[in-house]
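Not measured: the values here are computed from a predicted model.
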Amino acid sequence: MTTIAQNIVETLAANGVRRVYGLPGDSLNGFTDALRATPSIEWVHVRHEEAGAFAAAAEAALTGEIAVCAGSAGPGNLHLINGLYDANRSRVPVLAIAAHIPSTEIGSNYFQETHPQEVFRECSVYAEQVTDAAQMPRILEIAMRTAVEKRGVAVVVLSGDVGLTSTNSDRVTVVRRARPRVVPNDAELREAAAILNAAGKVTILAGAGVEGAHDEVVALADALAAPIVHAMRGKEFIEYDNPFDVGMTGLLGFSSGYRAMEDCDALLMLGTDFPYQQFFPSKAKIIQVDLRGEQLGRRVPLDLGLVGDVKDTAAALLPLVPRKKRRTHLESSLKHYAKARSKLDDLATPTKKGQPLHPQFVTRTLDRLAAEDAVFTADVGTPVIWAARYLTMNGRRRLVGSFTHGSMANALPHAMGAQAAFPGRQVVALAGDGGLSMLLGELLTIVQNRLPVKLVVFNNASLNFIELEMKSVGFVNFGTGLDNPNFAAVAEAMGIKGVRVNDSSELEAGLAEALAHDGPALVDVATMREELAMPPTITAQQAGGFTLYALRTVLSGRGDEVLDLAKANWRRVF
């Protein structure tokens, strides 16, 4: 008779699952033994369960299919939680197998006892415990379907002894995601068209929900004479082949995106949950389109909220909006974008010999050398800023990050999942020195699993984004310095090709060598600590904060920091 653990693995195999990320443990023995006997599924042994959950999140994001991770009882599955938060908030389908203590000991404060259902409830769309063989395989089928349909994390909690019991049914079900057409009703579409047609200046804000709707959104923008501003998660789906693109807004963006939104009479939000209220226009009428009705009006008061898929809704709107003849808003926004883009590109310059490199120059050079279908991952912090501003999307490249959850240390484990899912594709992680240090042991994971990930480390010896946040509100930097090793030497000791770049003249050759290497490689780049990543608009509070920071820093006896800040950023003034 088939055990519950064996039935789980058979169901995963039937649903096209090709790998499970995790760490073994006695409570997982039945599950991992069933994997051992199933050659079509690879066990990707990670050094920390958090990394396994991040890797599964990246695989799910890139494939659109369910990805799987597992953790043993107590501390083992607790380690999954940060990566599962990331997956759930990124809305990607991940199944987590959370092993539990022996079923007879639950409630006795047993060794390693936790309450996984309660722990995982906030970071999942489904979390249930199997206590009886009669629940299976139905619980697994419900979990998988919920993860797929709601695009989130499903957690199945299973005690090791329960996993080894015989199933009452050994059926294997294939779960396929439904793909309905969802559009607003005719009256709502006419109301939306009336608002857009009456507006002299329309701007579109596009988020992750424009995936698969590139052509429809661009066609709608053409009819509306609307510049398209993209959120970070919309960048890879709408930035390319888009004559109406004017860049990003928000903390990672730049002035043209902010201006195009602030200056419009009507803002059309398409598939975006852009969270920063201060960057929304102050006077425009606002229409929001989202497949999830509960998202509507969450960030800003709406004049009209529409429930619909972006692709089908944009196509349905197009016949109702005659092509605008007056296009001055679009032309002005594009002109402003060209100017802002030129200023950003002017910052991507080499430094003098012996000086740390400008991170803009590092990212722009990487963008030029990377493959046309490269997958990029970026650590939260300044690497995300440089990725947002200097990586070019083309419809084939992908960009994965912890853009909603905002966790440190995501770039390397995300790259692991991307590389495992696409072994023949170039995968490049833009890693911060703080992020890499946090999950440094995962360098061993890419060696052990033969994952040819390429890492570019922005080594500025600091938690740089935290320092920027401190400066902006007037605090003297404290607790942010990092005493880093030579990461290239560390990589070499682990069996990874290591390249150290200390000078701008060494960068191109170092990156090219790493990208061409047949195996994992790490490029450790000494970058400027005092490089400012300015938001698209500076508030009076932020300006006052920088002034207060400078005054406090001088008074604390660290005036050399202010001089270094000025030297690093003089290009922004002239």
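Side-chain contact of Glu372 with Asn394: a donor-acceptor pair under 3.5 Å is present, judged by distance alone. Side-chain N/O atoms of Asn88 and Ser124 include no donor and acceptor closer than 3.5 Å. Side-chain contact of Ser504 with Thr351: a donor-acceptor pair under 3.5 Å is present, judged by distance alone.
In this view, Val300 and Met269, Phe280, Ile286, Leu302 satisfy the side chain to side chain contact (heavy atoms under 4.5 Å, CB included) rule, not counting sequence neighbours. Remark: Thr32 pairs with Leu28, Asn29, Trp43 by the side chain to side chain contact (heavy atoms under 4.5 Å, CB included) rule, at least two apart or across chains. Residues meeting the side chain to side chain contact (heavy atoms under 4.5 Å, CB included) test with Asp524, sequence neighbours left out: Val457, Asn459, Asn486, Phe487, Ala488, Arg500, Leu522. In terms of the ring pair (Phe, Tyr, Trp, His ring centres under 6.0 Å) criterion, Tyr337 has no residue partners (sequence neighbours excluded). In terms of the ring pair (Phe, Tyr, Trp, His ring centres under 6.0 Å) criterion, His336 has no residue partners (sequence neighbours excluded). Applying the side chain to side chain contact (heavy atoms under 4.5 Å, CB included) criterion to Asn449, with sequence neighbours excluded, gives Glu42, Val44, Thr445, Leu451. Every residue meeting the side-chain hydrogen bond (donor to acceptor under 3.5 Å, both in side chains) condition with Arg341, not counting sequence neighbours, appears here in chain and number order: Asp345. Residues passing the ring pair (Phe, Tyr, Trp, His ring centres under 6.0 Å) test with Phe422, sequence neighbours excluded: none. Under the side-chain hydrogen bond (donor to acceptor under 3.5 Å, both in side chains) criterion, Arg233 pairs with no residue, sequence neighbours left out.
The side chain to side chain contact (heavy atoms under 4.5 Å, CB included) test with Leu455 is passed by exactly one of Val428, Val523, Ile446: Ile446.
Residue Cys69 holds its SG atom at 5.0 Å from CG of Leu80, rounded to the nearest 0.5 Å. For the atom pair CZ of Phe274 and NE2 of His230, the computed distance is 11.0 Å after rounding to the nearest 0.5 Å. A distance of 14.0 Å separates CD1 of Ile238 from CE of Met393, quoted to the nearest 0.5 Å. If you take CD1 on Ile228 and CG on Asp245, they are separated by 7.5 Å, rounding to the nearest 0.5 Å.
Side-chain contact check for Leu430 versus Leu391: some heavy-atom pair is nearer than 4.5 Å.
Evaluation of the side chain to side chain donor-acceptor pair (under 3.5 Å) test over residues 52-64, restricted to residues two or more places apart or in two chains, returns Arg19-Glu59, Tyr21-Glu59. Contacts classified as salt bridge (Lys or Arg N to Asp or Glu O under 4.0 Å) and involving residues 397-415 (residues at least two apart or in different chains) are given here: Glu236-Arg398, Asp367-Arg397. Applying the side chain to side chain donor-acceptor pair (under 3.5 Å) test to every pair with at least one member in residues 412-422, sequence neighbours left out, gives these pairs: Asp86-His414, Asn410-His414.
Counting heavy-atom neighbours within 6.0 Å of Glu122 CD, excluding the residue itself, gives a total of 12 or less. The number of heavy-atom neighbours closer than 6.0 Å to CZ of Arg450, taken from other residues, nucleotides and ligands shown, is 12 or below.
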Worksheet item: Could you walk me through whether Arg259 and Ser332 pass the side-chain contact (heavy atoms from CB on, under 4.5 Å) check?
Response: CA-CA 10 Å; Arg259 179 182 179 275; Ser332 173; 2.8 Å; yes

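Ring geometry for Phe279 versus Tyr276: interplanar angle over 60°, hence perpendicular rather than tilted (30 to 60°).
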